[in-house]
Chemist: 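Okay, handing you the structure first.
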Amino acid sequence: MTVQALPANQPETFYRGAGRIAEFRTGPALPDRPEDWVASVTTRFGLAPSGLSTLPDGRVLAEAIEADRRHWLGPDRADTGILVKLLDAGQRLPLHVHPDRRFASAHLASPYGKTEAWVIVSARPDAYVHLGFARDVAAEELAGRLSE
């Protein structure tokens, strides 16, 4: 296996960052950009090529994978199937939802929905995240899921 260090990939977006990605990365990063799309082969909707990662030699990662899938993905994979982002919300973000795979396939011409998992590396002492569910969830059920 070869480890390939990638440069920052911080597409322009509508909200501000607080400089934490630039502090977190060991290489150059834009201090005011709130997102870093790590090893991304995905473009921002309607804004291609924004969002695509480049290799240190200047090649676009998606094109390198297309040219040699086995080298980049292994013998049994057709694509990466994942988008990893570093997020640094320097301001409150608006409500947003993500489609599941069924909806994305039927309405967005995409085989992927968007399930999220967050790892919070740092936050202000008074920071918070609001979570929502598609149905009412009793406190006992939520506590049970957290303890699993």
Side-chain angles (χ1 to χ4, degrees), residues 1-134 142 144-148:
M1 175 189 292
T2 302
V3 175
Q4 179 71 62
L6 298 174
N9 176 23
Q10 296 177 275
E12 190 171 345
T13 188
F14 67 91
Y15 65 101
R16 293 187 318 269
R20 289 180 287 252
I21 291 174
E23 290 174 13
F24 179 77
R25 276 192 157 274
T26 57
L30 300 170
D32 60 339
R33 295 284 176 91
E35 297 184 5
D36 190 336
W37 294 25
V38 180
S40 173
V41 296
T42 302
T43 63
R44 292 191 63 212
F45 183 75
L47 297 172
S50 179
L52 293 174
S53 290
T54 57
L55 297 166
D57 65 10
R59 291 181 297 152
V60 174
L61 177 60
E63 293 170 359
I65 290 173
E66 184 65 32
D68 190 357
R69 289 180 189 274
R70 186 177 180 90
H71 169 77
W72 291 98
L73 305 176
D76 300 321
R77 299 223 25 117
D79 61 38
T80 61
I82 190 169
L83 173 60
V84 175
K85 294 180 184 180
L86 302 177
L87 298 177
D88 173 25
Q91 66 185 77
R92 186 176 174 186
L93 298 180
L95 171 73
H96 63 283
V97 296
H98 300 298
D100 62 17
R101 284 185 179 214
R102 188 180 70 231
F103 184 93
S105 179
H107 301 284
L108 302 174
S110 172
Y112 302 106
K114 189 171 181 185
T115 301
E116 293 193 7
W118 293 15
V119 176
I120 299 173
V121 177
S122 71
R124 296 185 327 258
D126 62 341
Y128 55 90
V129 173
H130 290 280
L131 300 175
F133 298 92
L142 181 57
R145 289 178 181 234
L146 291 174
S147 66
E148 292 177 353

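Below, each value reflects all heavy atoms present in this structure, side chains not excepted, and no hydrogens, waters or symmetry copies.
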Chemist: Taking all atoms of both residues into account, what is the closest heavy-atom pair of W37 and S53, and its distance?
Modeler: O-OG, 3.3 Å

Chemist: Please give me the minimum heavy-atom distance between L108 and P99, naming the atom from each residue.
Modeler: CD1-CG, 3.8 Å

Chemist: Which residue, R92, E35, Q91, forms the side-chain hydrogen bond (donor to acceptor under 3.5 Å, both in side chains) with Y15?
Modeler: E35

Chemist: Quick one: salt bridge (Lys or Arg N to Asp or Glu O under 4.0 Å) pairs with a partner in residues 121-134, sequence neighbours left out?
Modeler: R124-D126

Chemist: If you measure from CG on D79 to CZ on R69, what distance do you get to the nearest 0.5 Å?
Modeler: 7.0 Å

Chemist: Evaluate whether atom CZ of F45 has more than 12 neighbouring non-hydrogen atoms of other residues, nucleotides or ligands under 6.0 angstrom away.
Modeler: no

Chemist: Evaluate the side-chain contact (heavy atoms from CB on, under 4.5 Å) criterion for residues W72 and T80: first the C-alpha distance (whole Å), next the side-chain angles of each, then the deciding distance (0.1 Å), finally the verdict.
Modeler: CA-CA 9 Å; W72 291 98; T80 61; over 6 Å; no

Chemist: How many angstroms lie between CG in D100 and NZ in K114, if you round to the nearest 0.5 Å?
Modeler: 14.0 Å

Chemist: At their closest point, which heavy atom of P7 faces which heavy atom of L55, and how far apart are they?
Modeler: CD-C, 4.4 Å

Chemist: Measure from the side-chain N and O atoms of R44 to the backbone N and O of E12, and report whether any donor-acceptor pair falls under 3.5 Å.
Modeler: yes

Chemist: For the CZ atom of R70 and the CG atom of D76, what is their distance to the nearest 0.5 Å?
Modeler: 7.5 Å

Chemist: Where do L52 and T42 land on the side-chain contact (heavy atoms from CB on, under 4.5 Å) test, with the steps shown first?
Modeler: CA-CA 6 Å; L52 293 174; T42 302; 5.8 Å; no

Chemist: Could you please spell out the steps behind the side-chain contact (heavy atoms from CB on, under 4.5 Å) verdict for S40 and L83?
Modeler: CA-CA 6 Å; S40 173; L83 173 60; 3.7 Å; yes

Chemist: Please examine the side chains of P56 and L6, heavy atoms only from C-beta on, and report whether any two atoms are closer than 4.5 Å.
Modeler: yes

Chemist: Calculate, to the nearest 0.5 Å, the distance between atoms CD1 and NZ belonging to I21 and K85 respectively.
Modeler: 10.5 Å

Chemist: Can you check whether G51's main-chain N or O pairs, donor with acceptor, with N9's side chain at less than 3.5 Å?
Modeler: yes

Chemist: Identify the two heavy atoms, one from A62 and one from V41, that lie closest to each other, and give their separation to 0.1 Å.
Modeler: CA-CG1, 3.7 Å

Chemist: Is the backbone of A64 close enough, under 3.5 Å, to the side chain of R59 for a donor and an acceptor to pair up by distance?
Modeler: no

Chemist: With distance as the sole test, does R20 use its side chain to make a donor-acceptor pair with the main-chain N or O of L87 at under 3.5 Å?
Modeler: no

Chemist: Looking at D36 and L86, would you say the former's side chain and the latter's main chain have a donor-acceptor pair under 3.5 Å?
Modeler: no

Chemist: Starting from the C-alpha separation in whole Å, work towards a yes-or-no answer on side-chain contact (heavy atoms from CB on, under 4.5 Å) for L61 and E63.
Modeler: CA-CA 5 Å; L61 177 60; E63 293 170 359; over 6 Å; no

Chemist: Does the R101 side chain pair with the main chain of A104, one donor and one acceptor, at a distance under 3.5 Å?
Modeler: no

